[in-house]
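For reference, the structure is listed below as structure tokens.
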Amino acid sequence: MKWSLAPSSRREGDVTGVEAPVTVRAYLLCVFASFGGILFGYDSGYINGVLAMNYFKLEFGDPNSTDTENAYEGHMYATWEKSLVTSILSAGTFFGALFAGSLADWIGRRSTIIAGCIVFSIGVIFQVASTTFGMLVPGRLIAGIGVGFVSAIIILYMSEVAPKAVRGAIVSGYQFAITIGLLLASVVDQGTHSRLDTGSYRIPIAIQWVWALILGTGLFLLPESPRWYVKRDQIDKAAQALSILRGQPADSHYIRDELAELVANYQYELANMRASWIDCFRGGWKPSGNLRRVVLGMAMQMMQQWTGVNFIFYYGTTFFQQVGLSNSFVISMITTAVNVGSTPISFWTVEKFGRRPLLIYGALGMLVCEFIVAIVGTAAPGSDAASTCLIVFVCIYIFFFASTWGPAAWVVIGEVFPLPIRAKGVALSTASNWLWNFVIGYITPYMVDPEEGDLGAKVFFVWGSTCTLCVIFAFFLVPETKGLSLEQVDRMLEETTPIQSSKWVPTTTYADEATLQDVEKITGARHHEDAVTTGAATKTGVAQETAEKPDTV
């Protein structure tokens with residue numbers, strides 16, 4: 001009996017037969033990689049509460065602070081210190097993500113993620129041992145480099161190993177894991193913030209080791225990306241990895257056909273491009289140009305940051321204190337809980353409705369909420385109405401982000417790059433995320449702190465305006481990629497425009513166009529000629545093997 005964890009995303013008229021049915025075991029293997037999001041989310045989120053802890057202010061702050069309203073026993077850190085310690089993580093992840101692009105092509109996707117966990121753990125050691133910003137900042141920088149490895153290559157790995165029918169849902173699981181990490185950080189901060197010893201901040205910091213240990217150890221049990229093996233011309237290992245991921249024997253009709261498609265696509269791409277960093281910027285603005293795809297990926301991640309949501313997750317607790325809300329730690333926990341609860345909606349909608357609708361309508365929902373908060377907060381500052389409006393519409397705003405832009409932006413960047421430059425393209429896109437994360441993390445305190453810009457609720461005019469740009473960007477530049485294999489996405493980008501992309505239907509495969517001798521020479525596998533050159537045997541094979549698989553998803 002067959003059952004589904006995600007709606008069918010197959011396009012009407014699609015060619016059949018390049019992937020096996022999705023078994024439960026294969027699904028769970030792919031899903032585990034998304035655990036890396038917990039590491040990312042927790043490390044990004046714990047600083048939010050730590051900065052508001054009284055003992056942290058006492059330990060790290062200036063004993064002669066002029067900020068008497070927010071100081072504890074006369075101790076308070078400066079705005080520049082708050083800005084630096086928050087944003088320096090993003091600076092580390094920026095450089096880590098860029099370096100990870102080359103490393104993932106050299107040692108593999110899985111090994112790069114494991115290396116990131118090791119680097120991250122070294123950074124955590126520095127943070128736990130710190131009693132001054134002089135040690136905390138380098139620790140956050142080193143940990144950021146490790147997070148850069150993980151955040152860039154996890155997306156790449158999941159996109160390459162996941163079956164196309166549930167790829168959007170699985171990659172969305174990464175964003176869900178980020179929200180869980182943010183929530184866990186908020187809960188731990190809530191549990192330790194009242195302690196008047198170093199445990200108040202050291203416990204939240206030290207718990208990060210747990211996530212790195214689970215991810216790094218668990219990845220030893222997962223196979224390397226078969227597409228990386230194809231890129232390295234290790235076809236036998238690619239077949240073995242596909243066999244594990246798809247839950248089929250290595251000599252299965254499914255494995256042979258999917259491997260033939262991967263190889264034929266890679267050979268086609270290799271004939272038209274190389275894989276150096278400079279090749280990421282070739283091709284101009286034509287639909288198939290690498291430059292256009294890189295700009296799309298980098299702009300996608302930039303726009304995700306300019307939705308403004310990390311303002312809430314980085315500075316929400318201190319911002320709520322500044323605007324006069326009591327129980328700021330509890331409110332911060334509520335916002336992260338909304339984030340967690342809303343993200344799973346995308347598992348279904350990203351495959352049912354597609355990437356473009358989520359991005360367009362999600363940005364519309366966010367900009368409405370942000371302008372409402374800004375208008376009410378400006379018209380009646382400090383009032384009960386403004387406080388209620390802030391809490392309610394910030395939660396609705398987070399709902400829109402978590403169910404749309406949060407996951408969909410990661411899904412798209414994992415799908416739009418051709419194999420020769422995929423690792424570098426995803427790395428550049430992720431680095432863009434962290435660059436703008438750094439910029440927003442650094443400038444926001446100067447925008448809202450009372451002794452600086454003192455914008456208060458007016459800051460939401462800024463986020464509302466940038467979300468308006470997100471709507472325009474998504475409508476004109478983001479293609480629809482649901483229901484397509486990564487190889488089919490390549491062809492779609494060559495043949496249509498973003499606005500018309502949802503109507504594009506694949507009618508052939510790269511393996512169809514390759515000669516039987518070419519595929520057999522590369523894969524070392526014997527294929528039925530009609531399966532390779534016309535795809536006719538695929539339909540029969542799919543029907544027969546599907547009937548024999550009762551545990552498919």
Determine whether Tyr77 and Glu59 satisfy the following criterion, side-chain hydrogen bond (donor to acceptor under 3.5 Å, both in side chains), listing intermediate values before the conclusion. CA-CA 9 Å; Tyr77 44 77; Glu59 184 85 350; over 6 Å; no
Between Trp434 and Phe40, is the ring-ring contact (aromatic ring centres under 6.0 Å, His included) condition met? List the steps. CA-CA 11 Å; Trp434 288 112; Phe40 171 7; 4.6 Å; yes
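Although no hydrogens or angles enter the test, the distance criterion places no donor-acceptor pair under 3.5 Å between the side chain of Arg110 and the main chain of Glu224. With hydrogens and angles disregarded, no donor-acceptor distance shorter than 3.5 Å links the side chain of Ser159 to the backbone of Leu156. In this structure a side-chain-to-backbone donor-acceptor pair under 3.5 Å is present from Arg109 to Ala104. The main-chain N or O of Phe176 is found under 3.5 Å from a side-chain atom of Thr179 such that the two form a donor-acceptor pair. When atom types are taken as modelled, the side chain of Ser225 and the backbone of Arg227 share a donor-acceptor pair closer than 3.5 angstrom. A donor-acceptor distance shorter than 3.5 angstrom exists from the side chain of Trp228 to the backbone of Asp105, with no hydrogens or angles considered. Proximity of a side-chain donor or acceptor of Thr93 to a complementary backbone N or O of Gly148 within less than 3.5 Å is not detected. Without hydrogens or angle criteria, Arg292 side chain to Gly284 main chain gives no donor-acceptor distance under 3.5 Å.
Between Trp277 and Leu428, the shortest heavy-atom contact is CZ3-CG, 3.7 Å. In this structure, Leu215 and Phe32 approach most closely via the heavy-atom pair O-CE2, 4.3 Å.
Ring planes of Phe56 and Phe133: perpendicular class, angle over 60° (limits at 30 and 60°). Ring planes of Phe311 and Phe460: perpendicular class, angle over 60° (limits at 30 and 60°).
Salt bridge annotation for Asp62-Lys57: absent, with no cationic side-chain nitrogen under 4.0 angstrom from a carboxylate oxygen. A salt bridge between Glu415 and Arg355 is present, with a side-chain N of the basic residue lying under 4.0 Å from a carboxylate O of the acidic one. For the pair Arg167 and Glu351, the salt-bridge criterion is not met [side-chain N within less than 4.0 Å of a carboxylate O].
Put simply, the side chain of Asn339 does not reach to within 4.5 Å of the side chain of Leu183, judged on heavy atoms.
Heavy-atom contacts from other residues, nucleotides or ligands closer than 6.0 Å to CZ of Phe461 number more than 12. Within a 6.0 Å sphere centred on CZ of Phe371, other residues, nucleotides and ligands contribute more than 12 heavy atoms.
Taking the six-membered ring for Trp and the full ring otherwise, Tyr174 and Phe35 have centroids separated by 6.0 Å or more. Taking the six-membered ring for Trp and the full ring otherwise, the centers of Tyr201 and Phe60 sit less than 6.0 Å from each other.
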